[in-house]
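Some notes on the structure that comes next.
No experiment lies behind these values; they were computed from the predicted model shown. Position 1 is the first residue of the sequence, and the numbers go up from there.
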Amino acid sequence: MNSTVVALVSVACIFGGTLSGLTIRRFVPADHLSTDSKDAVKLGAGMISMMAALVLGLLVSSAKHNFDSTNAAIVEGGAKTIVLDRVLANYGPEANLLRERLRQTVVTSIQLLWPEERLKESLGAFEKGAALEKLLQEIRELKPQNAAQQALQQQAQGICNDMLMSRWVQIAQAQTSLPVPFLVILLFWLTMLYASFGLIAPRNITVIVVMFVGALALATALFLILEMNRPMAGTIKVSSAPMLKALEHLGR
């Protein structure tokens, strides 16, 4: 779902609840707006507010954890890429072609995940989807001449397998999203909450401005939750710095 569209719809719904409450207030009998009645409305609004705050807090925490996990995977992937290059360098001249393919794999990943990065390297005919799998296959096809090369080959295979696992975990995490019914229910709570505010608030420009700012803040929170649930796409993305740093050190 589009985060910006959800945020705009949220602002309209939540602030619309305030305007609805202010409008309904004009038709409510005066005795229904007594101090005792307002206290009862505040009690109900407080319950809704507590539930909404709890759910929003959990959603923000979950989205932040997802974002941090992906960012940690990118950092770890950059470090493993450098280590794999060093292992192949220690293997000997026979692995020079694999080191170049590793560099092309990193270039491919950066251009796919961060298309805004302008890299001078050309992808050439290197296929985007299975670059890392092909690299692993070529590492397996190396013919070690001694025990040291055999150990380095096994180490390189292990690192490459870890990188593949991390890649598929990130792909699987990217498939998760906030269920639409869950979002609709939360938005309904917030709309009803602001409708109750409008019902007991005086009708003036200050109240309207404050309610709009509050609706905007809540919509922004929903926007952040949806964006951080998609750390590899959208406006808020994990940094490409670890992969760019790894690319800088490859081949040295």
Side-chain angles (χ1 to χ4, degrees), residues 62-177 228-234 236-252:
S62 176
K64 184 65 167 59
H65 175 73
N66 186 31
F67 186 90
D68 288 343
S69 297
T70 303
N71 187 64
I74 294 296
V75 172
E76 184 179 354
K80 286 183 176 179
T81 299
I82 296 174
V83 173
L84 179 57
D85 182 67
R86 295 293 183 269
V87 170
L88 293 175
N90 291 331
Y91 186 92
E94 302 93 326
N96 286 343
L97 179 60
L98 298 186
R99 296 182 68 193
E100 180 57 31
R101 288 193 179 277
L102 175 61
R103 181 181 182 84
Q104 289 295 329
T105 300
V106 175
V107 171
T108 300
S109 299
I110 293 174
Q111 293 187 345
L112 285 176
L113 299 177
W114 297 278
E116 68 275 7
E117 299 291 349
R118 303 303 180 195
L119 300 179
K120 295 181 180 180
E121 290 88 342
S122 172
L123 294 180
F126 203 72
E127 303 195 335
K128 298 180 179 181
L132 198 55
E133 287 86 347
K134 288 185 177 182
L135 177 63
L136 177 58
Q137 182 61 34
E138 291 180 353
I139 290 176
R140 289 171 177 166
E141 293 173 356
L142 287 173
K143 306 296 183 183
Q145 301 300 315
N146 50 56
Q149 285 189 336
Q150 185 175 8
L152 289 169
Q153 181 190 32
Q154 292 176 353
Q155 185 180 357
Q157 288 184 48
I159 296 173
C160 204
N161 277 320
D162 289 343
M163 292 169 65
L164 271 173
M165 176 63 73
S166 177
R167 171 192 170 192
W168 284 110
V169 168
Q170 291 176 51
I171 291 174
Q173 287 179 338
Q175 308 309 308
T176 61
S177 61
M228 287 193 295
N229 268 324
R230 301 183 306 149
M232 300 306 301
I236 303 176
K237 296 175 62 173
V238 294
S239 174
S240 61
M243 298 306 295
L244 290 174
K245 178 58 66 175
L247 182 63
E248 180 182 336
H249 285 273
L250 293 183
R252 292 188 176 182

Which pairs would a plain distance check flag for residues 150-160, meaning a side-chain donor or acceptor within less than 3.5 Å of a matching protein atom at least two apart in sequence or in another chain?
from, atom 1, to, atom 2, distance (Å)
Q153, NE2, I139, O, 2.9
Q153, NE2, R140, O, 3.3
Q153, NE2, L142, O, 3.1

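Using a 4.5 Å heavy-atom threshold, the side chains of N229 and F67 count as separate. Side-chain contact between P231 and N66 is present, with heavy atoms from C-beta onward closer than 4.5 Å. Annotation: side chain of E133 is not in contact with side chain of L136 (no heavy-atom distance under 4.5 Å). The closest side-chain heavy-atom distance from M163 to E76 is not below 4.5 Å. By the 4.5 Å heavy-atom criterion applied to side chains, R99 and R103 are not counted as neighbours. Under the 4.5 Å side-chain criterion, counting only non-hydrogen atoms from C-beta, H249 is not in contact with D85. Within the 4.5 Å cutoff, no side-chain heavy atoms of S109 are placed close to those of W114.
By the neighbour-count criterion of 12 heavy atoms within 6.0 Å, atom CD of E94 is densely surrounded, having more than that number from other residues, nucleotides or ligands. Within a 6.0 Å sphere centred on NE2 of H65, other residues, nucleotides and ligands contribute 12 heavy atoms or fewer.
Atom-to-atom distance recorded for L84:CG and L98:CG is 9.0 Å, nearest 0.5 angstrom. Of the inter-residue distances, the one linking I110 atom CD1 with L244 atom CG reads 4.5 Å to the nearest 0.5 angstrom. The CD atom of Q104 sits 12.5 Å away from the NZ atom of K134 when rounded to the nearest 0.5 Å. Atoms CE and NZ, from M228 and K64 in turn, are 7.0 Å apart once rounded to the nearest 0.5 Å.
Contact record, A73 with S166: CB-OG, 3.8 Å, taken as the closest heavy-atom pair.
Between the side chain of Q145 and the backbone N or O of K143 there is at least one donor-acceptor pair closer than 3.5 Å.
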